[in-house]
Number of protein chains: 2
Amino acid sequence: MNRITQKLSPSLEDYLEAVYRISLNGKIPRVKDISALLKVKTPSVVAALKALERRGMVVHEKYGYIELTRRGEKEAERIYKTHMVLKQFFEKVLGVDSSIAEEDACTIEHYLNQDTFDRLVKFLEFIETCPNQTPFWLKSFHHYVEEGERPPGCGKRNGNKKEQ
Amino acid sequence: MNRITQKLSPSLEDYLEAVYRISLNGKIPRVKDISALLKVKTPSVVAALKALERRGMVVHEKYGYIELTRRGEKEAERIYKTHMVLKQFFEKVLGVDSSIAEEDACTIEHYLNQDTFDRLVKFLEFIETCPNQTPFWLKSFHHYVEEGERPPGCGKRNGNKKEQ
DNA sequence: TATAAAATATAGTCTTATCTAACTTTATGG
DNA sequence: CCATAAAGTTAGATAAGACTATATTTTATA
């Protein structure tokens, strides 16, 4: 049976990511752990691992070890990074609850274009490298969300010079 | 056959949105238009319309008119709004190309939590209602993306007072 | 170390969503 | 007004991804 090169489906990406995350936690990934993490039954896991194996992403010996290949690890890393970036954005920028941010990140990670991802990374970078701990505009936005109006002094700088 | 109340699948949401968008353009939606818009074959459209009808979202008479129900229109509106908000964010904030922004919006619209959506709306609102045409920080971000470094004077305000 | 329990695997079913091929209805231009 | 083209529908195939029920293997324990 030849190897399949096609892009992974969202579902298979989830399984791959699960293997990766369990490994990150220092555990040896078992079918049961994956099934618990993704809330699916074990036969679904076995089927998915078989599909991932056909795609050269994991090695899975019957009743035995589950390991990422080089390719699988790189791919899982990419997905996981996207996940973390999205979660960070939802939580830290938009101020969404941690659990909802997690949920959204978990689905959207499969659909974000590379370019969009790159720019989102830059956006977070831009915020983090601000000379202030948290940029004033971001504090203002959070104030705006909580109070329904901009804080005093927000947007009083550059442009709109008449008002300064 | 009883009506199904379950949430629509991403695929059905796409069909519903397609009907809505064609109607918005002042056209009477035809199977062929939907198939062209979504790049699927006409039998897929017919099957989807049947499923949407079972869910009380459209009325479709054989060989005849396709119309949104009240419920269908409300739902389509919600999806379309999400689409537009996402596209706006990708394009205007992140600076992603129009076609990629469209593509990402088109998939992600199906997966965004209400709360995340609400905050994204507020975020765009926050930007649009800035006393300046475009907030300084947003210009700075775009500069940062283009040039690889923050423009002079970025982040020199409030907090970090020692450096001011 | 035999056996029960836990983990894993297989077989087979169901649903969703797509397709192609073939058929039916509607629209249109001589 | 009717022949033919265009549009729409039906039937049947296929693939993915989940499930249940059952079988098999491994592990733990009495």
Side-chain angles (χ1 to χ4, degrees), chain A residues 1-19 22-23 27-68 75 79 106-107 109-111, chain B residues 1-19 22-23 27-68 75 79 106-107 109-111:
Chain A
M1 195 70 62
N2 283 333
R3 197 166 80 191
I4 294 169
T5 48
Q6 238 184 121
K7 217 168 135 289
L8 296 181
S9 67
S11 166
L12 289 185
E13 286 192 354
D14 275 334
Y15 286 100
L16 189 67
E17 194 190 358
V19 174
I22 291 165
S23 302
K27 290 181 63 179
I28 291 170
R30 313 292 331 211
V31 169
K32 221 189 102 186
D33 301 324
I34 300 168
S35 109
L37 191 57
L38 298 182
K39 286 165 186 138
V40 295
K41 305 298 178 185
T42 57
S44 307
V45 176
V46 175
L49 288 174
K50 197 171 152 195
L52 286 172
E53 193 154 33
R54 287 217 310 146
R55 275 152 243 246
M57 293 293 178
V58 302
V59 177
H60 177 209
E61 54 177 309
K62 241 189 191 179
Y63 295 102
Y65 287 115
I66 298 160
E67 265 192 313
L68 295 173
E75 187 63 7
I79 298 162
C106 224
T107 46
E109 62 185 4
H110 307 297
Y111 302 102
Chain B
M1 194 70 64
N2 282 332
R3 196 166 80 193
I4 294 170
T5 48
Q6 238 184 121
K7 217 169 135 286
L8 297 181
S9 66
S11 166
L12 289 185
E13 285 192 356
D14 276 334
Y15 286 100
L16 189 67
E17 194 191 358
V19 174
I22 291 164
S23 303
K27 290 181 63 178
I28 292 170
R30 313 291 331 212
V31 169
K32 220 189 103 186
D33 300 325
I34 300 169
S35 107
L37 192 56
L38 298 182
K39 287 166 186 137
V40 295
K41 305 298 176 185
T42 58
S44 307
V45 175
V46 175
L49 288 173
K50 197 171 153 196
L52 286 172
E53 194 155 33
R54 287 217 310 146
R55 274 151 244 245
M57 295 293 178
V58 303
V59 178
H60 178 209
E61 55 176 309
K62 241 189 191 179
Y63 297 103
Y65 287 115
I66 298 161
E67 265 192 313
L68 295 173
E75 187 63 8
I79 298 162
C106 223
T107 48
E109 62 185 4
H110 307 298
Y111 301 102

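Order of the sequence lines fixes the chain letters, A, B, ..., with proteins taken first and strands second; residue numbering starts at 1 for each chain.
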**Q** Once each nucleotide of nucleotides 6-19 of chain D is scored for protein heavy atoms under 4.0 Å, what B/S/- sequence comes out, 5' to 3'?
**A** -SBBB------SSB
**Q** Please report the shortest heavy-atom distance between Leu12(B) and Ala48(B), naming the atom on each side.
**A**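 Leu12(B) and Ala48(B) have their closest heavy atoms at CD2-O, 3.9 Å.
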**Q** Under the salt bridge (charged side-chain N to carboxylate O under 4.0 Å, His left out) rule, what pairs show up with a residue in residues 31-51 of chain B, not counting sequence neighbours?
**A**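 Sorted result for residues 31-51 of chain B: Lys27(B)-Asp33(B).
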**Q** Which of these, Val45(A), Asp14(A), Val40(A), Val46(A), sits in a side-chain contact (heavy atoms from CB on, under 4.5 Å) with Ile34(A)?
**A**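 Result for side-chain contact (heavy atoms from CB on, under 4.5 Å) with Ile34(A): Val45(A).
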**Q** Before you tell me yes or no, could you show the steps for Glu109(A) and Glu13(A) under side-chain contact (heavy atoms from CB on, under 4.5 Å), namely the whole-Å CA-CA distance, both residues' side-chain angles and the distance that decides it to 0.1 Å?
**A** CA-CA 9 Å; Glu109(A) 62 185 4; Glu13(A) 286 192 354; 5.5 Å; no
**Q** Run the side-chain contact (heavy atoms from CB on, under 4.5 Å) test on Ile28(A) and Tyr65(A) for me, step by step, so that the C-alpha distance in whole Å, both residues' side-chain angles and the decisive distance to 0.1 Å come before the verdict.
**A** CA-CA 8 Å; Ile28(A) 291 170; Tyr65(A) 287 115; 3.8 Å; yes
**Q** Check Ile79(A) against Leu16(A) and note the closest heavy-atom contact, atom names and distance.
**A**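 The answer is CD1-CD2, 4.3 Å.
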**Q** Provide the start and end nucleotides, 5' to 3', of the part of DNA chain C that has atoms under 4.0 Å from heavy atoms of chain B.
**A**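 Range of nucleotides touched by chain B: dA17(C) to dT26(C).
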**Q** Please name the pair of heavy atoms, one in His60(A) and one in Glu53(A), separated by the smallest distance, quoted to 0.1 Å.
**A**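 Shortest heavy-atom separation between His60(A) and Glu53(A) comes out as N-OE2, 3.0 Å.
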